[in-house]
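These notes concern the structure reproduced below.
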Protein chains: 2
Amino acid sequence: MLSHKAKYALKALLYLAQQEETHVSRTIEIAEAASIPKKFLEQILLDLKRGHFVGSKQGKFGGYYLLKSKNDITLADIHRLFDGAIALLPCASLNFYERCSDCVNESECLLRHGLITIREETLKAMEGITIASLVKK
Amino acid sequence: MLSHKAKYALKALLYLAQQEETHVSRTIEIAEAASIPKKFLEQILLDLKRGHFVGSKQGKFGGYYLLKSKNDITLADIHRLFDGAIALLPCASLNFYERCSDCVNESECLLRHGLITIREETLKAMEGITIASLVKK
DNA sequence: ATTAATTCTATAAAATTAGTAGAGTTTAAT
DNA sequence: ATTAAACTCTACTAATTTTATAGAATTAAT
């Protein structure tokens, strides 16, 4: 399951994607439109900024706007930024690889092979869902 | 990501699947073979029993054995039993449906549609991974 | 200067996860 | 009957993660 953070991030990105290109959206505006606690959203938008998905303008009349194209922000990206690995175990992950704490012999692990298959299929599906594709629905 | 419980459950099922049909495995035997804390495994095996995946024989010389066929225990089953919904949000789940706490209008939610697609694809993949398919690798 | 916005750091409450403890029950063998 | 060896059940605890909240600092337009 997605964390609230990841869900809120997606809702915020969807909001931004539906505004005019030139529009800069204030945090409070996004928070109210998408039913997200404002102070929590502040943190999330900063994370999205650090991830180079959105840009910001500081000071009066400042706010946030999409930095990347809607077509280039995928569900996989947002999952990774807020919830980490797509894979079901760290040993089957591409971007968050780690050995399982209880692993004795990774190359002989029966579980790992199946989980790599799942990761490949899930990832393909998640990369197919973009902010643009969600808005168009 | 899978919880330790789900991972341990899968490892325990894989162990059982590799024993002879008639063999009854003690908890301590599975725990040592699969590097799982014994007391934790006790709970997990009870959950698997309540889910009708394994059967047990009580008393001296008792233990656990597979109840369902290896071909009929899928990754999706174990995920659902220990980690709940396959879907990324409760509103996109078949077996664990729930409204999102922050949802204003579910039928108009842009996120939900995409997440249902993901759930369908992930589920198909996870139903394709069985204990039997993992053992054969 | 003032106002309105983002940015940053720290904190806190709640929920979940991972694991432990110990008593109780069942069964087989002696 | 008694004992030994196993599963069964309930409760508890420690650690971690999640979900926020608070408040001061910074930035920019008027």
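Computed from heavy atoms alone, side chains included, the values below leave out hydrogens, waters and symmetry copies. Order of the sequence lines sets the chain letters (A, B, ...), proteins ahead of strands, with each chain counted from 1.
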### Message
Students often get this wrong, so: under 4.0 angstrom with heavy atoms, is A:Gly59 touching a base, only sugar-phosphate, or nothing?
### Response
base

### Query
Where does the chain B footprint on DNA chain C start and end, counting 5' to 3' with a 4.0 Å heavy-atom cut-off?
C:dA18 to C:dA29

### Task
Hey, which sits more toward the 5' end of DNA chain D by its nearest nucleotide, A:Lys60 or A:Ser3?
A:Ser3

### Message
According to salt bridge (Lys or Arg N to Asp or Glu O under 4.0 Å), who are the partners of A:Lys57, at least two apart in sequence or on a separate chain?
### Response
none

### Message
Is it true that B:Glu29 and B:His23 share a donor-acceptor pair across their side chains at a distance under 3.5 Å?
### Response
yes

### Query
So if you build clusters from Ile, Leu, Val, Met, Phe, Trp, Tyr with side-chain heavy-atom gaps below 4.5 Å, do A:Leu13 and A:Phe40 land together?
yes

### Message
Counting the atoms with a prime plus P, OP1 and OP2 as sugar-phosphate, which does A:Phe40 contact under 4.0 Å by heavy atoms, base, sugar-phosphate, or nothing?
### Response
base

### Query
Rounded to the nearest Å, what distance is computed from the CZ atom of residue B:Arg26 to the C1' atom of nucleotide D:dT8?
17 Å

### Task
Classify the nucleic acid contact of B:Tyr8 as base, sugar-phosphate or nothing, counting any heavy atom under 4.0 Å across all strands shown.
sugar-phosphate

### Query
Rounded to whole angstroms, how far apart are CD1 on B:Ile44 and C1' on D:dC7?
15 Å

### Query
Which ILVMFWY residues are connected to B:Val104, directly or by a chain of links, through side-chain heavy atoms under 4.5 Å apart?
none

### Query
Does A:Asp83 or A:Lys38 map to a spot on DNA chain D nearer the 5' end, using the closest nucleotide for each?
A:Asp83

### Message
Please report the distance, rounded to the nearest Å, between CD1 in A:Ile36 and C1' in D:dT18.
### Response
16 Å

### Query
A:Leu2 has an atom CG; how far is it from atom P of D:dT17, in whole Å?
18 Å

### Task
Starting from C1' on D:dT27, measure out to NZ on A:Lys57 and report it in whole angstrom.
10 Å

### Query
Rounded to whole angstrom units, what separation is found between the CD1 atom of B:Ile28 and the P atom of D:dT8?
16 Å

### Message
Please tell me if B:Ser56 has a side-chain N or O lying less than 4.0 Å from either OP1 or OP2 of D:dT8.
### Response
yes

### Donor on one side chain, acceptor on other, B:Ser93 and B:Asn95, under 3.5 Å
no

### Message
Using a 4.0 Å heavy-atom cut-off to protein, can you give one letter per nucleotide of nucleotides 9-16 of chain D, 5' to 3': B if the base is in contact, S if only the sugar-phosphate is, - if neither?
### Response
B-B-----

### Task
Could you check how far CZ of B:Phe61 sits from P of D:dC7, rounded to whole Å?
12 Å

### Between B:Glu108 and B:His113: side-chain donor-acceptor atoms closer than 3.5 Å
no

### Query
Under the 4.5 Å side-chain heavy-atom rule for ILVMFWY, direct or indirect, which residues accompany A:Met1?
none

### Query
Thinking salt bridges, do A:Glu42 and A:Lys39 make one under a 4.0 Å N-O criterion?
yes

Report all side-chain donor-acceptor pairs from residues 75-92 of chain A shorter than 3.5 Å, counting only partners two or more places apart or in another chain.
unit_1: A:Asp77; atom_1: OD2; unit_2: A:Thr74; atom_2: N; d: 3.0
unit_1: A:Asp77; atom_1: OD2; unit_2: A:Thr74; atom_2: OG1; d: 3.2
unit_1: A:His79; atom_1: ND1; unit_2: A:Gly84; atom_2: O; d: 3.0
unit_1: A:Asp83; atom_1: OD1; unit_2: A:Ser3; atom_2: OG; d: 2.5
unit_1: A:Asp83; atom_1: OD2; unit_2: A:Ser3; atom_2: N; d: 2.9

